[in-house]
**Student:** 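Here it is: the structure, laid out below.
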Amino acid sequence: MEVRKLTVGYGAAWVLDQVSLQIGAGEFVGIVGCTGCGKTTLLKAMAGLLEVQDGEILLDGENIFSRRFDRAVLRRKVGMVFQYPEYQLFAQTVEKDVGFGLKYSRLSREEKQERVRWALEQMGFSYEEIKDQSPLSLSGGEKRRVAIAGVLATKPELLMLDEPLAGLDPMAREMFLEFLEGLTGQGVSVVMVSHNVDALAQHAARIIGMKQGKIVMDGSCQEVLGDSRALRMIGLLGSEAAQTAELLRANGVLPGSGLPVTYEALRDEIIGALTGEKGENR
Ligand SMILES: Nc1ncnc2c1ncn2[C@@H]1O[C@H](COP(=O)(O)OP(=O)(O)OP(=O)(O)O)[C@@H](O)[C@H]1O
Ligand SMILES: [Mg+2]
């Protein structure tokens, strides 16, 4: 997908101001930025859900705003998990809810059922145990996982997730992130908005930083999350590991420059410093 000079406004003010970006197949991209900077708006626009004032969005080279563009292609290729997906559950059973996005697909009944089973299992459920329950009887975190399964079931080529980690316990969160990484290995592009910088440091290869409707940082995870000064300018803190490394460097405990953004990298540097080997920045 390619976004060119996208401009979106609600009323008088621009919420997205000439935003351009490209997402390649199999990329895992994290989007960070303060609350209100336009992350959700960007995702919704990329999912074709908003009217835009200016700019283009190309999906496999085709402008989605063109009159000739078949919107069904967008629905098939792009999946979006909303910021509070649990509010969108409505069917009588979990099975029906998760299968809703497949209603108009050409899959057979059995294939649809298999998809639903697969998606629920990926989200850590036992299909048999959960399928007949009412979504309303589930806990907050369970509802959220069911809602995510509903998007997974459609097997999008581009999966966009708006703050999906809130409400998942640490184990479920890690499993989910690893599952997303696995998807990228199969060529699915994943775009995830999250305030959880540590999770992004661990799993996203590329990070986009937004401020007041503009993209102000776009680079590798190391480039963006290792640049604590630039992050602070957009009102964010780096990963815990990067902050710790910064403190250790400022106090002369750790030599070198550049900030490790993951715990593994920080640990390697500390071990290197303690054993006298030269630390290697990652
Ligand atoms: N439907 C709407 N009508 C009017 N203004 C809106 C609407 N949706 C969002 N906005 C405004 O657009 C700006 C960006 O909102 P958006 O939801 O994209 O932010 P965000 O980066 O996702 O924030 P958060 O981290 O809190 O989810 C905000 O100032 C918000 O008030
Ligand atoms: Mg948002």
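For ligands, and for the atoms within them, numbers begin at 1 and follow the listed sequence. Both backbone and side-chain heavy atoms feed into the values below; hydrogens, waters and symmetry mates do not.
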**Student:** First locate atom CG of Asn63, then atom CG of Leu58, and finally report the distance between them rounded to the nearest 0.5 Å.
**Tutor:** 5.5 Å

**Student:** Write out the residue and atom name of the closest protein heavy atom to atom 26 (O) of ligand 1, then the distance separating them to 0.1 Å.
**Tutor:** Thr35 OG1, 2.7 Å

**Student:** How far is atom 9 (C) of ligand 1 from the closest protein heavy atom, and which atom is that?
**Tutor:** Tyr10 CE1, 3.2 Å

**Student:** Return yes when His195 approaches ligand 1 closer than 4.0 angstrom through a heavy atom, no otherwise.
**Tutor:** yes

**Student:** Please state which protein non-hydrogen atom is closest to atom 17 (O) of ligand 1 and give its distance, to 0.1 Å?
**Tutor:** Thr40 CB, 3.6 Å

**Student:** Distance below 4.0 Å between atom 6 (C) of ligand 1 and any protein heavy atom?
**Tutor:** yes

**Student:** Give me the residue, atom name and distance of the protein heavy atom closest to atom 15 (O) of ligand 1.
**Tutor:** Thr41 OG1, 3.8 Å

**Student:** Indicate whether any N or O donor in one side chain lies under 3.5 Å from an N or O acceptor in the other, for Ser228 and Glu246.
**Tutor:** yes

**Student:** Could you identify the single nearest non-hydrogen protein atom to atom 25 (O) of ligand 1 and state the distance to 0.1 Å?
**Tutor:** Lys39 NZ, 2.7 Å

**Student:** Polar-atom distance check: Gly38 versus ligand 1, any N or O pair below 3.5 Å?
**Tutor:** yes

**Student:** Would you say the side-chain atoms of Glu111 and Ser108 include a donor-acceptor pair closer than 3.5 Å?
**Tutor:** yes

**Student:** Return yes if a side-chain donor-acceptor contact under 3.5 Å exists between Asp162 and Thr40, otherwise no.
**Tutor:** yes

**Student:** Starting from atom 29 (O) of ligand 1, which protein heavy atom do you reach first, and at what distance in Å?
**Tutor:** Gly36 O, 3.8 Å

**Student:** If you look only at pairs with a residue in residues 84-104, which of them pass as a ring-ring contact (aromatic ring centres under 6.0 Å, His included), with sequence neighbours excluded?
**Tutor:** Phe90-Phe100

**Student:** Around atom 27 (O) of ligand 1, find the nearest protein heavy atom and jot down its residue, atom name and distance.
**Tutor:** Gln83 NE2, 2.9 Å

**Student:** Using atom types as modelled and distance alone, determine if a side-chain donor or acceptor of Gln133 lies under 3.5 Å from a backbone N or O of Glu129.
**Tutor:** yes

**Student:** To the nearest 0.5 Å, tell me how far Cys37 SG sits from Lys214 NZ.
**Tutor:** 12.5 Å

**Student:** Are Val216 and Val8 connected, step by step, through hydrophobic side chains (Ile, Leu, Val, Met, Phe, Trp, Tyr) whose heavy atoms are closer than 4.5 Å?
**Tutor:** no

**Student:** Could you grab the distance from atom CD1 of Ile207 to atom CD1 of Ile31, nearest 0.5 Å is fine?
**Tutor:** 9.5 Å

**Student:** What number of protein N, O or S atoms occur at distances under 2.8 Å from the Mg ion (ligand 2)?
**Tutor:** 2

**Student:** If you measure every N/O of Gly33 against every N/O of ligand 1, is any gap under 3.5 Å?
**Tutor:** no

**Student:** Do Tyr127 and Glu114 have side-chain N/O donor and acceptor atoms under 3.5 Å apart?
**Tutor:** no

**Student:** When rounded to the nearest 0.5 angstrom, what is the spacing between CZ in Arg144 and CD in Glu163?
**Tutor:** 8.0 Å

